[in-house]
Structures are given as structure tokens and as C-alpha cells.
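Remember, predicted model here, so these are calculated numbers, not experimental data. In listed order, ligands and their atoms are each counted from 1. Just so it is clear, the values below take in all heavy atoms, side chains as well, and ignore hydrogens, waters and symmetry mates. For the single chain, residues carry numbers from 1 onward in sequence order.
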Amino acid sequence: MNKMTIRDVDLTGKRVLIRVDFNVPLEGSTITDDTRIRAAVPTLRYILDHNPKSILLMSHLGRPKGGPDPKFSLAPVAPALAKLLGKDVQFAEDCIGSKAEEAAKNLPEGGILLLENTRFHKGEEKNDTDLAKQMASLGDVFVMDAFGSAHRAHSSTVGVTEFLPAVAGFLMEKELDYLATALEDPKRPFVAILGGAKVSDKIEVIESLLGKVDKLLIGGGMANTFFKAQGIAVAKSLAEDEALDTAKEMLKKGSDKLVLPVDAVIGDDFKNEANHKTIDINDGVPDGWAIYDIGPKTIESFKEVLQKAKTVVWNGPMGVFEMSNFAAGTNAVAQLLADQTKTGAITIIGGGDSVAAIENAGLADQVTHISTGGGASLEMLEGKTLPGVAALKDK
Ligand code: AMP
């Protein structure tokens with residue numbers, strides 16, 4: 001990575017302002033999944049070991065509309081983080097102004113302060129310069145460790161870098177190392193697997209990946225539009241008429257790389273208890289039925305490709321994996337990635353629903369890297385430079 005990290009700056013005696021991604025799921029004030037908090041711990045431990053004057057943590061949580069809203073308060077995160085670090089974590093009721101400044105001033109040497117949700121200020125998402133300046137005034141150095149927010153140019157991710165030297169934390173570094181290396185200099189064969197609901201969400205991803213991969217496996221609802229573009233009946237399946245021309249073009253351009261499903265599990269209703277059966281894609285989907293998963297022959301054909309792969313990137317489930325009768329394809333792909341990892345291949349899960357899928361399959365610890373940022377990793381797969389990365393100091 002050509003960006004400076006916390007290893008490249010002197011942190012001793014510094015007020016270290018860090019943008020983390022503590023956008024955790026909450027039920028009331030209970031954190032139902034603390035993955036994102038745990039992901040920040042290596043960076044925080046490193047900084048703590050280098051005698052900072054203080055650590056000030058900024059994050060957003062949820063999508064509060066038009067100002068402070070207790071439903072989206074970061075307050076529950078402070079005790080959770082304190083427990084993980086074994087160290088007191090103070091909380092300030094605002095991320096700027098007198099409340100933040102007072103709390104920061106009252107910290108003991110090396111103390112940690114979590115600042116309230118940055119999105120309680122309307123200027124945050126507009127990358128308001130004045131807000132950024134006030135945030136920056138709390139620190140001497142800025143550490144960007146919120147990979148999941150790095151695709152957004154906000155005051156707390158990009159704006160602050162105008163006023164403070166900005167470097168990457170370890171989570172950021174790890175995400176970029178895996179994703180950027182896979183995309184720029186992959187060990188080959190390099191195979192990508194794309195799934196999920198719609199083609200239209202991922203047109204740019206497909207276009208960008210076709211220029212980089214050796215094979216691109218397509219599953220999930222998005223495959224249906226490709227079937228329809230080939231004149232195959234898809235009946236009630238999710239398919240996008242407005243994306244048919246794009247799909248035709250991609251089929252032409254990517255004919256040597258695209259691998260589409262050859263069979264599918266179809267259901268006669270969008271529920272787990274629906275009647276379901278397997279069909280060959282070339283036979284078309286009968287009226288009243290819809291495609292909800294890839295079939296066993298497809299799994300075999302994906303397996304053949306994946307067994308040769310040295311780098312694999314996966315984004316999007318192969319079917320309606322939330323329903324057990326339509327989860328076999330997604331689970332099989334998760335297992336194939338775990339198997340391939342054992343052979344030394346680099347396997348990367350690109351965030352979002354594929355993370356839930358690999359966790360459901362109990363295989364999260366058997367792949368190389370699971371990205372913490374769905375949107376951010378998709379934008380990297382699209383070949384874009386993330387603004388929160390571009391703003392960091394070059395090495
Ligand atoms: P995405 O956010 O684009 O990755 O899409 C994930 C969603 O796509 C999941 O909720 C899946 O249930 C859904 N999905 C995957 N395959 C299909 C399909 N064949 N038909 C309808 N929905 C699907």
C-alpha cells in the first residue's frame with residue numbers, strides 16, 4: 001500500500017483522532033453484533049502502546065435524520081469497547097463543540113474518548129468544511145480506520161484530512177492490502193463470483209471485473225437477466241427488462257470469461273415452504289415458477305473453475321439464501337471457498353450478504369479475508385478509488 005499508516009508517524013504525546021466504523025446493529029441499547037468494534041482493536045492497541053496523549057474516536061451510526069436522535073446514539077459502544085480493551089472509555093455527547101472539548105480536556109494521560117455520532121450534524125454527509133475543522137481541532141494527527149465508510153467523502157472521513165496529517169489504521173491497511181492486491185496484481189487464475197438480486201446494481205462491477213479476472217461466475221437473481229437476454233423463459237423470476245441490452249452486450253464481450261448457471265432450483269412461491277424442484281436452464285422456467293437458487297450441475301461447474309483458482313473474490317449470494325430450501329447453492333460456494341483456501345488460494349468475501357452467508361455456513365474463519373465494508377468493497381471492485389483512501393498521505 002502506498003499510503004502512510006500509523007507505523008509511519010510519531011504518536012508519542014499526540015492527541016490521536018481516529019475515524020472508526022462503529023456502525024453496529026442495536027436492539028434498544030444492546031449491541032447485537034460487535035464485529036466492527038472488535039475490528040478496530042488492533043489499531044487502538046498499537047496506538048495505546050505508543051504513548052499518545054489521548055485517543056479520540058469518531059464514527060457514524062445508522063441514518064439519523066436532521067439532528068441528534070437517542071436511537072442512534074453511540075453511547076452503548078463505549079462500555080463494549082472498554083470491555084474489549086480492558087481500559088476505561090469515556091463518552092462525549094457531541095463530536096464537536098464545548099461538550100467534546102471539555103470531555104477531551106478532562107481525559108487522563110493516554111485516555112480514550114468516544115465522540116457522539118458524527119451524523120447528528122447535518123454537515124457531516126455534505127463534507128462541510130467548518131464541521132471538519134471543528135472535528136480536526138480535537139486532534140494532532142488523524143487516523144482513518146473506517147474502511148466501511150471510506151467510499152463516502154464526509155467531514156469525518158475526508159474533510160478532516162485538510163487540517164490534519166492523515167494516515168491509515170491497520171483495518172484500513174488490511175482491507176486495502178487484500179482487495180487492492182487481488183484487483184491489481186492477483187495470483188492467477190483469478191476468479192470472481194457475483195450474485196445477489198440485481199444486475200443493475202452491479203453493472204460497473206461486472207464491467208470492471210471482466211477486464212481483470214480469468215473467469216467470472218454469475219449466480220443469484222442477477223443471472224436471470226442474462227437468461228432472459230438469451231431468450232430463455234424465466235417466468236416469475238426476478239429479471240430486469242431495462243438491463244437486457246446491457247446483459248446482451250456483456251454476454252458478447254465476456255463470452256470467454258462469463259460462467260452462467262446451467263440449472264436452477266425453482267419455487268412456485270416466494271417462501272421456504274413453496275413447492276420446489278430443479279430444472280435445466282435451457283428448458284426454461286415453467287409459468288408460475290421462479291428461480292431461487294443455482295442447481296447441483298451449476299455447483300459442479302463452479303467447482304471445476306474454483307478448484308484451479310489462486311485468487312477468488314465473492315460478492316452476493318447464489319440464491320435466496322435466507323430460506324433454507326434455497327440456500328444450498330450459496331452454502332456450496334462458501335464451502336468451495338473454504339476448501340480452496342486450504343490449497344493456499346487467497347479468498348476474499350466482499351462484504352454485505354455474502355458475509356452473512358459465510359457466517360451462516362460456519363466457515364467465516366476458513367477464508368482469507370472478510371471485508372468489513374459492503375459498499376466500499378463493491379466500489380473497489382468497480383475499479384474506483386475510495387475518497388477516504390485518496391485523502392491519506394502518500395508514503
Ligand atoms: P444483493 O444485496 O444485491 O447482494 O442481494 C442480496 C439479496 O438477493 C438476498 O436477500 C437474496 O435473497 C436475493 N436473491 C438472490 N438470488 C435471488 C433470486 N434468484 N431471486 C430473488 N432474490 C434473490
Quick one: do [X] and [Y] make a salt bridge, cutoff under 4.0 Å?
X	Y	value
Lys236	Asp287	no
Lys297	Asp280	yes
Glu162	Lys133	no
Lys3	Asp394	yes
Glu382	Lys384	yes
Asp128	Lys126	no

For [atom], closest protein heavy-atom neighbour:
atom	value
atom 6 (C) of ligand 1	Asp353 OD2, 2.9 Å
atom 15 (C) of ligand 1	Gly319 O, 3.2 Å
atom 16 (N) of ligand 1	Gly221 N, 3.0 Å
atom 3 (O) of ligand 1	Ala197 N, 3.2 Å
atom 23 (C) of ligand 1	Val320 CG2, 3.6 Å

Any N/O pair [X]/ligand 1 closer than 3.5 Å:
X	result
Glu322	yes
Met318	no
Lys202	yes
Ile291	yes

- [ ] Would you check whether Met323 reaches within less than 4.0 Å of ligand 1, judged by its heavy atoms?
- [x] no
Open item on the list: Under 4.0 Å from a heavy atom of Gly196: which atoms of ligand 1 are those, numbered in the order shown and with their elements?
Closed with: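 Within the 4.0 Å cut-off of Gly196, ligand 1 contributes 1 (P), 3 (O), 4 (O), 5 (O), 6 (C), 8 (O).
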Open item on the list: Give the atom numbers and elements of ligand 1 that come within less than 4.0 Å of a heavy atom of Gly220.
Closed with: 16 (N), 19 (N)
Task: Flag if over 12 foreign heavy atoms under 6.0 Å of CG, Asp49 - done: yes
Open item on the list: In this structure, is the centre-to-centre distance between the rings of Tyr46 and Phe170 below 6.0 Å?
Closed with: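 Close enough - the centres of the two rings lie under 6.0 Å apart.
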